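Structure first, then comments.
Bear in mind that the values here come from a model prediction, so they are computed numbers and not experimental data.
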Amino acid sequence: MIPSSLLSEEPYRDLPGESKLLYGHLLGLLRLSAQDTTGRWKAEGRPCVSLSRASAGRLLHCQREKAAGLFAALERCGLLEPVPGQSNGKARRYYLNLPRPKEPNEL
């Protein structure tokens with residue numbers, strides 16, 4: 001499920017549609033990692049997700065390079081945060097941040 005704020009609020013409104021789909025998929029993975037009792041999908045006690053660019057490309061029917069750009073777009077707007085201390089492996093682990101709600105006094 002994709003949060004509605006990604007469709008209507010800045011800075012998320014201008015994200016590519018594929019980035020929003022990727023984020024929705026990562027949220028589903030986050031739900032699974034939050035249920036993990038082994039600790040494998042937690043970094044510093046915080047649930048995280050992992051998905052390679054190649055897997056994201058297969059999921060979204062695009063090239064790995066485009067998938068990398070979709071991950072980068074999510075990072076730039078603050079929805080994805082890389083888990084610190086990772087090597088340049090094939091699949092990076094990420095913390096997911098929820099969209100920042102619009103402040104009541106913002107127009």
Any side-chain heavy-atom pair from [X] and [Y] closer than 4.5 angstrom?
| X | Y | answer |
| --- | --- | --- |
| P3 | L98 | no |
| E18 | K66 | yes |
| L51 | L22 | yes |

Tell me if the aromatic rings of Y23 and Y12 count as close, with their centers under 6.0 Å from one another.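 No; Y12 has its ring centre 6.0 Å or more from that of Y23.
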Which atom of [X] lies closest to which atom of [Y], heavy atoms considered:
| X | Y | answer |
| --- | --- | --- |
| G57 | A67 | N-CB, 3.8 Å |
| P82 | E75 | CG-OE1, 3.4 Å |
| R13 | L7 | CG-O, 3.9 Å |
| L15 | C77 | CD1-SG, 3.8 Å |
| L30 | C48 | CD1-N, 4.3 Å |

From R64 atom CZ to S52 atom OG, the distance as rounded to the nearest 0.5 Å: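 R64 atom CZ to S52 atom OG measures 9.0 Å (nearest 0.5 Å).
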Can you confirm whether Q63 is buried at CD, in the sense that more than 12 heavy atoms of other residues, nucleotides or ligands lie under 6.0 Å from that atom?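 It does not: Q63 CD has 12 such atoms or fewer within range.
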Quick one, L6 with L79, criterion side chain to side chain contact (heavy atoms under 4.5 Å, CB included). Give me CA distance, side-chain angles, the key distance, then yes/no. CA-CA 10 Å; L6 293 186; L79 292 172; 3.6 Å; yes
Step-by-step side chain to side chain contact (heavy atoms under 4.5 Å, CB included) determination, L29 to L96: CA-CA 10 Å; L29 294 177; L96 263 69; over 6 Å; no
Test side chain to side chain contact (heavy atoms under 4.5 Å, CB included) on V83 and Y95; report intermediate values, then the result. CA-CA 6 Å; V83 172; Y95 298 124; 3.9 Å; yes
L80 backbone acceptor or donor facing N97 side chain under 3.5 Å: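 No.
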Show your reasoning for whether side chain to side chain contact (heavy atoms under 4.5 Å, CB included) applies to L59 and H25. CA-CA 9 Å; L59 178 73; H25 180 71; 3.5 Å; yes
Do the charged groups of R53 and E65 touch, with an N to O distance under 4.0 Å?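 Here R53 does not pair with E65 in a salt bridge, since their nearest N and O are not under 4.0 Å apart.
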